[in-house]
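Lettering follows sequence order; numbering is per chain, from 1.
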Amino acid sequence: MAGKKRKALTYTLPEEFHVFGFSRDLLAWYDSQKRDLPWRINRDPYRVWVSEIMLQQTRVETVKPYYQNFMAKFPTVAALAEAPEEEVLKAWEGLGYYSRARNLQAAAREVQERYGGVIPDTPEEIATLKGIGPYTAGAILSIAYEKPEPAVDGNVMRVFSRLLYLTDDIAKPATRVKVEHLVRQVIPHGRAGDFNQALMELGALVCLPRTPQCLTCPVFDYCLARKEGVQDELPVKGKAKPPRLVRLQVAVVKRGDAVLINKRPEQGLLAGMWEFPMVETDADTRSLKQEALLQGLRKRFGVDVEVIEPLMELTHTFSHLQWHMEVWQCDWIEGDDLPPNARFATADELAGLAFPVAHQKILETIKSDR
DNA sequence: TACGCGTGGCC
DNA sequence: TGGCCAAGCGT
């Protein structure tokens, strides 16, 4: 037969779990202890949306200044939709996961065109927007529109793992689905937004990853892991692979008072960000490294240069990669027919373009050289 | 499902 | 110091 039959799974809360008391006590704690955060001034759906995208895998303290600046520059869906992409990326510079910025703007344009500038309030419609997955959909729907949808992030997975003594690996996608089913049964209608935020706030302030502060926990009485004394063993989480080493030769090519830069592809690592030209090579001698660099510059940029001297050596670690960069000072000799993704830029022009953190030290060095 | 995708802070 | 972690999503 064509197609598999999958049994519909239903996850039920433990008998002894007191749903009403739990949400009552958690909300009371949240009402008195919640942090004052810039995105909690009101429940404007656009403000909530931007904050949720920025907060993906990113700390609150890191997001704060970016959020203030972003909302000042792009205060409405329309403003974001109409802005040049370069300005949006510049506002995201240093925040990481740059596809979030590109997806956010693409979705803003979609909201303008398809929904007349109003962010949709149904799970089906909002989930079609780029960059809005299960968590962000639930967060916007509950916080901005008070819909009783779960918003399960890392905090909620950890809190529920302990609260209900769940031993599922929270690194596995199936576990998030399970926790969503459980959370859905606990959401108090009428306060869905506060409840979801309270779960996350509890994870951020009390139910910490390493050292849960059980003695000050407002829902201590309901926690099954605490009852068994296993709160320090939960949640269960599989380990990540170590980053792969990548050796790169980097060129700072000067032509007069301009330097050669390159805009990265629209997809993949550091998508759409600017950088100094780089060549990946395993070469282990000075001359072989320089040779690889010269060949790469000629082939990819149509430019001939002279290598002057080594400038610096840098290491930058991503989640999944480790870049070992050797940077060479070069002088342009010939070649004007640059590919569309490359250009020579002056210091003033560089200031308006978005570079990843991995290239910031090079940028600073060039600036101070003048 | 597993992996690619950034960065900075913490112990 | 280095591994872990942070309001995940797209493919």
A.B. asks: Please report, rounded to the nearest Å, how far the P atom of dG2(C) is from the CZ atom of Arg210(A).
C.D. replies: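 These atoms are roughly 16 Å apart.
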A.B. asks: To the nearest Å, give me how far apart OH (Tyr98(A)) and P (dG8(C)) are.
C.D. replies: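 The distance from OH of Tyr98(A) to P of dG8(C) comes to 17 Å, rounded to the nearest Å.
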A.B. asks: Tell me which nucleotide among dA7(C), dG6(B), dC5(B) gets nearest to the side chain of Leu321(A).
C.D. replies: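 From the listed options, dC5(B) comes nearest.
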A.B. asks: Whole Å only: how far is the CD atom of Glu201(A) from the P atom of dA6(C)?
C.D. replies: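 My rounded result for the distance is 15 Å.
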A.B. asks: Need to verify one output field. Residue with the more 5' nearest nucleotide on DNA chain C, Gly131(A) or Ile143(A)?
C.D. replies: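 Going by which nucleotide is closer to the 5' end, it is Ile143(A).
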A.B. asks: I want to confirm an ordering. Mapping Met273(A) and Lys172(A) to their closest nucleotides on DNA chain B, which one lands closer to the 5' end?
C.D. replies: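 Whichever sits nearer the 5' end wins; that is Lys172(A).
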A.B. asks: Does a side-chain N or O from His320(A) land closer than 4.0 Å to OP1 or OP2 of dG4(B), or not?
C.D. replies: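 Indeed not, no polar side-chain atom of His320(A) lies that close.
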A.B. asks: Check whether any side-chain N or O of Thr62(A) sits under 4.0 Å from OP1 or OP2 of dG9(B), and answer yes or no.
C.D. replies: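 Result: no.
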A.B. asks: Tell me what Gly94(A) touches on the nucleic acid: a base, only sugar-phosphate, or nothing, going by heavy atoms under 4.0 Å.
C.D. replies: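 Gly94(A): backbone/sugar contact only, no base atoms under 4.0 Å.
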A.B. asks: Looking across every strand, which nucleic acid part, if any, lies under 4.0 Å from Pro134(A) by heavy atom: base, sugar-phosphate, or nothing?
C.D. replies: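 It contacts sugar-phosphate atoms only.
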A.B. asks: Quick one: which of dA6(C), dG10(C), dG6(B) gets closest to the side chain of Arg59(A)?
C.D. replies: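 Selected nucleotide: dA6(C).
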A.B. asks: Do the side-chain N and O atoms of Glu125(A) and Thr122(A) include a donor-acceptor pair separated by under 3.5 angstrom?
C.D. replies: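 Side chains of Glu125(A) and Thr122(A): pair found under 3.5 Å.
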A.B. asks: Of all the choices, dA7(C), dG10(C), dA6(C), which nucleotide is nearest to the side chain of Gln57(A) once you look at every atom?
C.D. replies: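 Given the options dA7(C), dG10(C), dA6(C), the side chain of Gln57(A) is closest to dA6(C).
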A.B. asks: Any chance you could lay out the ring-ring contact (aromatic ring centres under 6.0 Å, His included) test for Phe74(A) and Phe70(A), step after step, and finish with the verdict?
C.D. replies: CA-CA 6 Å; Phe74(A) 316 109; Phe70(A) 196 94; 4.8 Å; yes
A.B. asks: Over all strands shown, is Thr317(A) touching base, sugar-phosphate only, or nothing at heavy-atom distances under 4.0 angstrom?
C.D. replies: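 Counting heavy atoms under 4.0 Å across all strands, the contact made by Thr317(A) includes a base.
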A.B. asks: Please report the distance separating the P of dC11(B) from the corresponding atom of dA7(C), rounded so that it comes out in whole Å.
C.D. replies: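 Their P atoms lie roughly 16 Å apart.
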A.B. asks: Given the P atoms of dG6(B) and dT11(C), what is the spacing between them in whole Å?
C.D. replies: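 Straight-line distance between the two P atoms is 14 Å.
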A.B. asks: Considering heavy-atom distances to DNA chain B, does Ala174(A) or Gln56(A) have its closest nucleotide positioned more toward the 5' end?
C.D. replies: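 Its nearest nucleotide being more 5', the pick is Ala174(A).
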A.B. asks: For nucleotides dC3(B) and dC4(C), find the distance between their P atoms and express it as a whole number of Å.
C.D. replies: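 Going atom to atom, P in each nucleotide, I get 16 Å.
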A.B. asks: So what does Trp92(A) touch, heavy atoms closer than 4.0 Å: a base, only the sugar-phosphate, or nothing?
C.D. replies: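 Trp92(A): no heavy atom of the nucleic acid under 4.0 Å.
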A.B. asks: Once you apply a heavy-atom cut-off of 4.0 Å, does Leu270(A) come out as touching a base, just sugar-phosphate, or nothing?
C.D. replies: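 If one applies the 4.0 Å heavy-atom cut-off, Leu270(A) turns out to touch the sugar-phosphate alone, with no base involved.
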A.B. asks: Honestly, is Arg247(A) close enough over Trp323(A), meaning NZ or CZ under 6.0 Å from the six-membered ring centre and within 45° of the axis?
C.D. replies: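 Because its charged atom misses either the 6.0 Å distance or the 45° angle limit, Arg247(A) does not stack over Trp323(A).
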A.B. asks: Looking at every strand, decide which applies to Arg264(A) at a 4.0 Å heavy-atom threshold: base, sugar-phosphate, or nothing.
C.D. replies: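 Counting heavy atoms under 4.0 Å across all strands, no contact is made by Arg264(A).
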A.B. asks: Starting the side chain at C-beta, find the nucleotide from dA2(B), dA7(C), dC5(B) nearest to Pro173(A).
C.D. replies: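 Comparing dA2(B), dA7(C), dC5(B) against the side chain of Pro173(A), the answer is dA2(B).
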A.B. asks: Counting only distance, no hydrogens or angles, is the base of dC5(B) paired donor-acceptor with the side chain of Arg100(A) under 3.5 Å?
C.D. replies: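 When only heavy-atom distances are counted, Arg100(A) does not reach the base of dC5(B) through any donor-acceptor pair under 3.5 Å.
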A.B. asks: With under 30° as parallel and over 60° as perpendicular, where do the rings of Trp49(A) and Tyr46(A) fit, or are they tilted in between?
C.D. replies: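 Answer is perpendicular, since the angle exceeds 60°.
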A.B. asks: Take the protein atom NZ of Lys130(A) and the nucleotide atom C1' of dG10(C), then report the distance between them rounded to whole Å.
C.D. replies: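 So the two atoms are 10 Å apart, to the nearest Å.
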A.B. asks: dG10(C) phosphate, OP1 or OP2: any side-chain N/O from Tyr97(A) under 4.0 angstrom?
C.D. replies: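 Indeed not, no polar side-chain atom of Tyr97(A) lies that close.
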A.B. asks: What integer distance in Å separates Lys241(A):NZ from dC4(C):P?
C.D. replies: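 It is 15 Å, rounded to the nearest whole Å.
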A.B. asks: Using whole Å, report how far CZ of Arg244(A) lies from P of dG4(B).
C.D. replies: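 Value for this atom pair: 8 Å.
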A.B. asks: Would you state whether a donor and an acceptor, one from the side chain of Thr136(A) and one from the base of dG8(C), lie under 3.5 Å apart?
C.D. replies: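 Between dG8(C) and Thr136(A), which were checked side chain against base, a qualifying N/O pair under 3.5 Å is absent.
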A.B. asks: Could you state the atom-to-atom distance from CD of Glu93(A) to P of dG8(B) in whole Å?
C.D. replies: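 To the nearest whole Å, that distance equals 11 Å.
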A.B. asks: Between His316(A) and dT7(B), does any side-chain N or O lie under 4.0 Å from OP1 or OP2?
C.D. replies: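 The answer is yes; a side-chain N or O of His316(A) sits under 4.0 Å from OP1 or OP2.
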A.B. asks: Run the ring-ring contact (aromatic ring centres under 6.0 Å, His included) check on Tyr30(A) and Phe195(A) step by step: do they pass?
C.D. replies: CA-CA 8 Å; Tyr30(A) 179 72; Phe195(A) 180 77; 9.8 Å; no
A.B. asks: With nearest nucleotides of DNA chain C determined for Glu52(A) and Ile132(A) from heavy-atom distances, which residue corresponds to the more 5′ nucleotide?
C.D. replies: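 Result: Glu52(A).
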A.B. asks: Could you tell me how the ring of His316(A) sits relative to the ring of Phe318(A): parallel (under 30°), tilted (30 to 60°) or perpendicular (over 60°)?
C.D. replies: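 Rings of His316(A) and Phe318(A): perpendicular, as their planes differ by over 60°.
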A.B. asks: To the nearest Å, give me how far apart NZ (Lys237(A)) and P (dA6(C)) are.
C.D. replies: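 One finds 6 Å between P of dA6(C) and NZ of Lys237(A), rounded.
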A.B. asks: I'd like to know if the side chain of Thr58(A) pairs up with that of Arg100(A) as donor and acceptor (distance under 3.5 Å, no hydrogens or angles considered).
C.D. replies: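 Side chains of Thr58(A) and Arg100(A): pair found under 3.5 Å.
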A.B. asks: Quick one: label Leu199(A) by what it contacts on the DNA or RNA (base, sugar-phosphate, nothing), any heavy atom closer than 4.0 Å.
C.D. replies: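 Counting heavy atoms under 4.0 Å across all strands, no contact is made by Leu199(A).
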